[in-house]
Amino acid sequence: MTLPFLPFALPEIGEAEIAEVVDTLRSGWITTGPKARRFEADFGAFLGDPELQAIAVNSATAGLHLALEGLGIGPGDEVITTTHTFTATAEVVSYLGADVRLIDIDPATLCLDLEQLEAAIGPRSKAIIPVHYGGLAVDMLAVLRLARAHGLAVVEDAAHALPSTHGGRLVGTFDSDATVFSFYANKTMTTGEGGMLVTRDARLAERARVMRLHGISRDAFDRFTAKVPSWAYEIVAPGFKYNLTDIAAALGLHQLQRVRAFQQRRAEIAARYDAGFAGLPIVLPPQPAAGDLHAWHLYAIRLADDAGIARDRFIEALFERGIGCSVHYIPLHLHPYWRERYGLRPEQFPQSQRAYERLVSLPIYTRMSDADVERVVDAVRAVLRG
Ligand SMILES: *Cc1c(COP(=O)(O)O)cnc(C)c1O
């Protein structure tokens, strides 16, 4: 008996999401409108801090771009982030004509290394983008302390980190300038494509709202007319097309209601993996501090040096057993664009390089049954024994 292929990731879309999308389609309003607004309000309520503003966008990449644009990042500026991330974290800096300064990771957490961060701060540094790798929250209090001491802005790449906590506080509620979540298809909740920019900076929020839709301002028009007829608007900047549709927001409304239950199931799968892999020559993913939530977007193991099998061959062997895996990430310093632009060499990032060569992300998603999880455990055990 051969089992069907177990993909690396699958979204969990329920009947409530489907009904809400259908309702949107029948409503006559399918682009940004009442559901996107409600999704923003619900997201703000989820984070539970009335000072926060939530701005729905069509991707986390868009949200990161808007945040940095609103902070005035531009040519001559430098933004510090980790090499061990997806290119979206860094590409937005390039959009603005600024420079990316990549730093190495702490091998314990696979998140940016705080000593490297401090050492990388220079006269052109303007902002830091911490990435909560896999859903394990970065020590934000330490990052913010450092940022304040040097007058730097902080924009959190929280694409993996809903709902993650550090010191009991949800990612998104720290005193960063902005935090950006992703609702891409494989993230911890999804709108197909989508993202949320969260900030307590009213000026940044206003700028992002204007820039996400072509630089259109109704308020500016209002100042001159004291009255805004529905056709009237002013363009105050060359903005972008980053608004979230109501069709996508319809999914988000219901996904958000389930995001805590999703986290619990992911944490359960992670715990089953931890137990199932005991004694194997692998480094298990780091655990959150006691009482903290790990979003478990990723369950990334590292093969030990005595595993007796190369990483690529390990992934192939799991594929042959019908199990999809991935690698997070091919670090930015290995990609031609980043490597050539900044003349990067692997020796500059020994921890990320070492991790990359051994990393394997295993399937972890709510639609996996306990039997699916056992199947992965058995396959990993068999491959490492064989
Ligand atoms: C998914 C992801 C992004 C981009 O999210 P989109 O919503 O697809 O734009 C950014 N950073 C990290 C670390 C991601 O994993």
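As the structure is a prediction and not an experimental result, all values here were calculated from the model. Counting starts at 1 for both ligands and their atoms, in listed order.
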Which residue owns the protein heavy atom closest to atom 2 (C) of ligand 1, what's the atom, and how far is it? Lys187 NZ, 2.8 Å

Ligand 1 N/O within reach of Glu193 N/O, cut-off under 3.5 Å: no

Look at Arg200 together with Asp177 and state whether they make a salt bridge at an N to O cut-off of under 4.0 Å. no

Considering only heavy atoms, does Ala159 approach ligand 1 within less than 4.0 Å through its side chain, its backbone, both, or neither? side chain

Using a 3.5 Å cut-off on N or O atoms only, is Leu64 in polar contact with ligand 1? no

Check Arg265 with Asp370, please: is the shortest side-chain N to carboxylate O separation under 4.0 Å? yes

Relative to ligand 1, is Phe181 under 4.0 angstrom through side chain, backbone, both or neither, heavy atoms considered? neither

Contact check: Thr85 vs ligand 1, nitrogen or oxygen atoms, below 3.5 angstrom: no

Partners passing ring pair (Phe, Tyr, Trp, His ring centres under 6.0 Å) against His328 (at least two apart in sequence or in another chain): Phe8

Counting only nitrogen or oxygen atoms and a 3.5 angstrom limit, does Tyr184 reach ligand 1? no

SB check Arg321 Asp378 (cutoff 4.0 Å): no

Would you say Tyr133 touches ligand 1, if touching means a heavy atom closer than 4.0 Å? no

Between Ala88 and ligand 1, find which residue part has any heavy-atom pair under 4.0 Å and reply side chain, backbone, both or neither. side chain

May I ask whether Gly194 places a heavy atom under 4.0 Å from ligand 1? yes

Axial cation check for Phe43 ring with Arg38, 6.0 Å and 45° limits: no

Can you find an N/O atom of His297 closer than 3.5 Å to an N/O atom of ligand 1? no

Closest approach of any protein heavy atom to atom 4 (C) of ligand 1, naming residue and atom: Thr61 OG1, 3.7 Å

Atom 11 (N) of ligand 1 [closest protein heavy-atom partner, distance rounded to 0.1 Å]: Asp157 OD2, 2.7 Å

